[in-house]
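Index from 1, following the sequence. Read the numbers this way: they start at 1 and go in the same order the structure lists the ligands and their atoms.
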Amino acid sequence: MNYKDLADVMFPEAKEIAYYEEKYPERNLKEDAIVTRIAPSPTGFVHIGGLYQGLIAKKLANQTEGVFFLRIEDTDQKREVENGVVGIVNSLTDFGLEPDEGMISENEEKGTYGPYKQSNRKEIYQAYAKYLIEQGKAYPCFCTPEEVEEIRNKQEVAKIRPGYYGAWAKCRNLTVEEMIEKIKAGESWIVRFKSPGREDRKIRHKDVIKGNVEFPENDQDIVIIKADGLPTYHFAHAIDDHLMRTTHVIRGDEWLSSVPLHLQLFQELGFKAPKYAHIAPIMKNEEGNKRKLSKRKDPEAAVSYYAEVGIPKEAVKEYLLNIANSTFENWRRANPEKPIEEFELQLNKMSVSGALFDIVKLLDVSKIVISKMTAEQVYQNTLTWAEKYDEELATLFKKYKAYSLKVLGIERGNKKPRKDIGKWSDVKETISYMYDELFEQDKTAYPYQVIKDKDAISKILNTYVTKYYDEKDDKQAWFDKIKELAGEMGYAKEVKQFKENPGQYAAHVGDVSTVLRVALTKRTNTPDMYEIMQVLGKEKVKERLQTAERQCQ
Ligand code: GLU
């Protein structure tokens, strides 16, 4: 009896690996094309770190005319949730990170290197496990979980390295006959890799992000096929990334210490190893300390958060590139109008220790991104968001579409557009005074500033409406009239004049403007008041000023 007999007893149905090697040939791409992927588990939660990895992977593939694919790693079926794949697919699609190949819904996929869901690749893993067994590089292990636990306890007591290795690897030394006998007797088994490594030897490896790393060799006989017939992550990774012809494994750096094992697996399987790029997690600054962005503590860790508060995907992506490569900021400064697709991302410029994620900075980026959008784009995006999260706003936007476009057009489309909207959920607050329905809900007092005296205010408002206000005025004429009004009221017509003669005037033209602004909007800070009046229109302007005047009596 030899290893071949053993392999046949264990996996009688498995195909020869030549079949798969032929079925998934080398990809016909240009030499430095990057084939890469994201390989999430469908656990129901899409972390912003996953999106970050997806963005980086897709960008590199695009930049090099390579391939970006989505593989679903569902071999740990305990952790799976229903519709987990759809959640991942939708998140990627929402952010414009559709893969070239891979899963496109819960059970559908595209591409010729599939199946792209690991639970559908069982026979492939088994074929390769069989192949290793035939060469004596893997073996069945009959240890029960209790026995493995016992080994562990002994190791703990003796204060030695835990694990199934060397002399501790009981089943490694069974004869082929013994193994076959146990299998035939119906004992349950799993498959372990027979590691050729030695812990006292080091391996050196160059990670694309982390640079040179050194680790002890792997000497653990890790499980490659579990009792349910599915592979472990390690084995599946080697098989999948080989057969899918991945050139770059871009993944979280929690896997860095598994590199010795992975390289060993590639070696023993006779595969060429891919390049590895281990990405440090996204970090958050908490009172001076850096910590990982946490699913439990930080709402912004969930990709769903951005849609909920209405931060546009363009802004999220722009910000993620900002923290991915320090060169992005300069590039953006030099190319304020270019789409991010034109930025050349470099893996070796990624942070080794973890990029800091700051939601305030993200919102600043978002404000710039939104400031460059047209009124129509802001309208559509806000409406889409509001239809889900703010019915009142959605109703107003639909009822007054043309008017809303004008409102959103205030200080937009010029050289220095207004940057007051960072997320769609800000929109209502920034423009609520432009809608009577919302303005009338505001029961707060008018926040008058320097000019507070009721009679003075009443007089300003009354005189302005009856004598000066003309909706047909251009901006210059409009402002000249406010100056006139200031003069007529005994205030300084120019701020300069006011400053030069302190004590002579109680207020100046700016203070008169503030009275008008507050009367119109109940705010002290708004975009350009001339534009506001133009958009509100004659009737509404008069009505608001008169209402405010009445409140002075
Ligand atoms: N399923 C693994 C994870 O979610 C993927 C790691 C990899 O990209 O290879 O961490």
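Aromatic ring centres of F235 and H237: separated by at least 6.0 Å. Residues F271 and H262 place their aromatic rings such that the two centres sit no closer than 6.0 Å.
Under the 4.0 Å criterion applied to side-chain N and carboxylate O atoms, R198 and E217 are not assigned as salt-bridge partners. Residues E147 and K170 are paired through a salt bridge, judged by an N-O separation under 4.0 Å between the basic side chain and the carboxylate.
A cation-pi contact, defined as under 6.0 Å to the ring centre and within 45° of the axis, links K295 to F45.
Counting heavy atoms from C-beta outward, I279 and W255 have side chains that stay 4.5 Å or more apart.
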Could you go through ligand 1 and note, for every N or O atom, any protein N or O atom closer than 3.5 angstrom, writing the atom names and distance to 0.1 Å, or 'none'?
unit_1, atom_1, unit_2, atom_2, d
ligand 1, 1 (N), A39, O, 2.7
ligand 1, 1 (N), E73, OE1, 2.7
ligand 1, 8 (O), R37, NH1, 2.8
ligand 1, 8 (O), R37, NH2, 3.4
ligand 1, 9 (O), R37, NH2, 2.7
ligand 1, 9 (O), Y233, OH, 2.5
ligand 1, 10 (O), W255, NE1, 3.1

